[in-house]
Amino acid sequence: MRKKIVAGNWKMNLDYAGGISLFSEIVNMVRDEKKGDQIAIICAPYIHLNSLAKLGGDVVKIGAQNCHQNDSGAYTGEISAGMVKSVGCEYVIIGHSERRQYFAESNELLAEKTVKVLANGLTPIFCIGETLEERNNGTYFDVLKTQLEQGVFGLSADDFAKIVIAYEPVWAIGTGLTATSDQAQEVHAYIRKEIAAKYSSEVADETTILYGGSCNPKNAAELFAQTDIDGGLIGGASLKSRDFVDIVKTFNS
Ligand code: PGA
């Protein structure tokens, strides 16, 4: 079912004590101030996940920012979907543009990871987005379509219905340049249209599609008011409890 989600992505920030302290603030504020059925999620570095889930995973859901595509084995330094599941995680970000760019993660690899995340009963937050060059040369719809086709359109309709999509234009991530609500809505409507063409209009209507890229308390309301935008994936602003919770509260009224 289509949900209202605000997911924070802490990226590679905060040591252990810093993560506990920020998460405690967020949990207390969400508990006191959130009204409605929106879901707040924090996707933290692996070292935090176990403690955060115990501290307040019932109030603010916990997500990982990545996982490996295999179950276990000789993959030094890697973490499996089963491992993050075992500490109380419910979500995993897959295919963030920083993983695609700095770790050369291909659509094919991301498709494998998505399958593994689902097999472990977790919800993938599958990210797609175009670069500035692709936006400017007008190829962005093609780029997004390829990311969908190769990344998630191999899933059965039943499995596809379990995933969350995040549209994150690369040029808007961490740059302070937000897509306008019209630009974001145009792409979200396009994504929904492609899902309808691949699966069905019912599946498309039920898919939760988040916007990410310099989303903040000032612009969230206008973005989330768009017909096809169901919430946000929040980077920088999720590192400030007040800002993150104010974005969650955008759905209060
Ligand atoms: P940003 O990051 O909000 O700092 O632009 C978004 C993201 O990378 O998920």
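Residues: numbered from 1 along the sequence shown. When a ligand or atom number is given, it counts from 1 through the structure's own listing order.
In terms of protein heavy-atom proximity, atom 9 (O) of ligand 1 is closest to Glu168 OE2, 2.7 Å. At the top of the distance list for atom 4 (O) of ligand 1, counting protein heavy atoms only, stands Gly236 N, 2.8 Å. When hydrogens are left out, the protein atom nearest atom 3 (O) of ligand 1 is Gly235 N, 2.9 Å; that is the closest non-hydrogen contact.
Put simply, no part of Gly212 is less than 4.0 Å from ligand 1, judged by heavy atoms. Assignment of Ser214 to the shell around ligand 1 is supported, since a heavy atom sits closer than 4.0 Å.
Residue Ile173 has no nitrogen or oxygen atom sitting less than 3.5 Å from a nitrogen or oxygen atom of ligand 1, judged on distance alone. Looking at Thr175 next to ligand 1, no N or O pair under 3.5 Å apart turns up. Backbone and side-chain nitrogen or oxygen atoms of Ile234 are examined, and none is located within less than 3.5 angstrom of a nitrogen or oxygen of ligand 1.
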*Just do the ring-ring contact (aromatic ring centres under 6.0 Å, His included) check on Tyr199 and Phe153 with the steps written out, would you?*
CA-CA 9 Å; Tyr199 295 100; Phe153 280 179; 5.7 Å; yes
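Only the side chain of Asn9 comes within contact range of ligand 1, with a heavy atom under 4.0 Å; no backbone atom does.
Using a 30° and 60° split on the angle between ring planes, Tyr167 and His188 fall in the perpendicular class, above 60°.
Close contacts of ligand 1 with Gly213, meaning ligand atoms under 4.0 Å from a residue heavy atom, involve 5 (O). Taking every non-hydrogen atom of Ala172 and a distance limit under 4.0 Å, the qualifying atoms of ligand 1 come out as 5 (O).
Residues in residues 85-116 take part in no ring-ring contact (aromatic ring centres under 6.0 Å, His included) pair, two or more places apart or across chains.
Under the side chain to side chain contact (heavy atoms under 4.5 Å, CB included) criterion, Asp58 pairs with no residue, sequence neighbours left out.
Thr131 and Glu134 share a donor-acceptor pair across their side chains, judged by distance under 3.5 Å alone.
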